[in-house]
Amino acid sequence: MYRQRCFGDVVGTLVWRDDPPPGTAGAPTPAELAARAVRDLPMRAAQIGISPGRDGAGLVGLPVWMWTTVTPQTWGPITATAAVPGLSVTARGNATKIRWEMGDGHAVVCGNPGTAYDKAAQGSSSSPTCGYDGYSAPSRTKPGGRYTVTATTTWHIDWWVGGGGASGAETVTRVATTSIRIDELQVVTG
């Protein structure tokens with residue numbers, strides 16, 4: 001799709017052409033520029049926050065809090081533009097969800113970045129926005145004695161040609177991992 005302008009015509013008319021107009025051979029197409037703009041978006045995987053943290057241990061049955069540090073690169077919105085003379089394409093990305101694979105066969109999907117752990121919750125309260133109800137078994141039989149937690153962030157990207165014309169959307173993902181130790185509390189009476 002090209003914008004065709006004649007002498008004195010400021011706006012021009014959008015026209016479809018099978019071949020590029022004379023003098024533009026070798027120039028990238030809007031779709032190629034869109035791919036470049038999307039590639040230039042500095043989207044990152046989640047900067048995982050999890051409680052109990054890396055240096056501690058949780059207990060079977062107690063809630064786990066999950067979150068990502070919120071920055072434009074980890075949650076959005078973020079934009080990038082790719083351009084050549086006479087043509088520019090802008091892409092805008094926003095994270096829409098994070099799928100947390102807990103390492104025990106269960107997963108949690110959160111449509112938000114989660115809430116950082118609050119020590120006032122004293123470890124027994126569930127996250128208000130993104131959490132796991134608790135592991136049902138300790139992690140001692142897992143490699144390194146820890147469950148591997150995988151956070152897959154889904155990004156929705158819209159792109160459009162500057163000045164009107166072609167537009168589109170796509171979805172991409174970014175993946176980060178961490179691990180968590182879960183112990184079992186046993187009460188002995190006697």
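Contact detail for Val89 and Ala34: the closest heavy-atom pair is CG1-CA, 3.6 Å. The two atoms that bring Gly93 and Leu41 nearest to each other are N-CD1, 4.2 Å, heavy atoms only.
Looking at Tyr132 and Asp104, their side chains do bring a donor and an acceptor atom within 3.5 Å of each other.
Screening Val38, Ile78, Thr173 for a side chain to side chain contact (heavy atoms under 4.5 Å, CB included) involving Trp155 leaves a single residue, Ile78.
Without hydrogens or angle criteria, Thr68 side chain to Gln47 main chain gives a donor-acceptor distance under 3.5 Å. Between the Tyr147 side chain and the Pro138 main chain, a donor and an acceptor come within less than 3.5 Å of each other. Judged by distance alone, the side chain of Thr74 and the main-chain N or O of Thr69 form a donor-acceptor pair under 3.5 Å. For Ser139 (side chain) and Lys142 (main-chain N/O), no donor-acceptor pair under 3.5 Å exists by modelled atom type.
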Exercise. Where do Thr90 and Thr81 land on the side chain to side chain donor-acceptor pair (under 3.5 Å) test, with the steps shown first?
Worked result: CA-CA 4 Å; Thr90 299; Thr81 300; 3.0 Å; yes

For this session: Tell me, with the steps shown, if Thr115 and Ser127 meet side chain to side chain donor-acceptor pair (under 3.5 Å).
Result: CA-CA 7 Å; Thr115 301; Ser127 168; 4.7 Å; no

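Pairs passing the disulfide (SG to SG under 2.5 Å) check and including a residue from residues 51-111, sequence neighbours excluded, read Cys110-Cys130.
Inter-residue side-chain proximity for Ser167 and Asp158 is flagged as unmet; no heavy-atom pair is nearer than 4.5 Å. Looking at heavy atoms from C-beta onward, Ile180 lies in side-chain contact with Pro52 at the 4.5 angstrom threshold. Between Val108 and His106 the shortest side-chain heavy-atom distance does not fall below 4.5 Å. Side-chain contact between Trp75 and Ile98 is present, with heavy atoms from C-beta onward closer than 4.5 Å. Residues Ile48 and Met66 are not in side-chain contact: their nearest non-hydrogen atoms beyond the backbone lie 4.5 Å or more apart. At least one side-chain heavy atom of Val172 sits less than 4.5 Å from a side-chain heavy atom of Ile157.
Going from atom OG1 of Thr153 over to atom NZ of Lys97 covers 11.0 Å, rounded to the nearest 0.5 Å. To the nearest 0.5 Å, atoms CG (Asp183) and CZ (Arg140) are separated by 8.5 Å. Between atom CZ of residue Arg44 and atom CZ of residue Arg174 there is a gap of 8.5 Å, rounded to the nearest 0.5 Å. The distance from atom CD1 of Ile182 to atom CZ of Arg146, rounded to the nearest 0.5 Å, is 9.0 Å.
In the hydrophobic cluster analysis, where Ile, Leu, Val, Met, Phe, Trp and Tyr join through side-chain heavy atoms closer than 4.5 angstrom, Val60 is grouped together with Met102. Val149 and Leu59 fall into different hydrophobic clusters, where Ile, Leu, Val, Met, Phe, Trp and Tyr are joined by side-chain heavy atoms under 4.5 Å apart, directly or via other members. By the criterion of side-chain heavy atoms lying less than 4.5 angstrom apart, applied directly or through intervening Ile, Leu, Val, Met, Phe, Trp or Tyr residues, Val161 is grouped together with Val84 in one hydrophobic cluster.
Environment of CG in Asp40: crowded, with over 12 heavy atoms of neighbouring residues, nucleotides or ligands closer than 6.0 Å.
For Ser51, the side-chain contact (heavy atoms from CB on, under 4.5 Å) test picks out Trp65, Trp67, Tyr117, with sequence neighbours left out.
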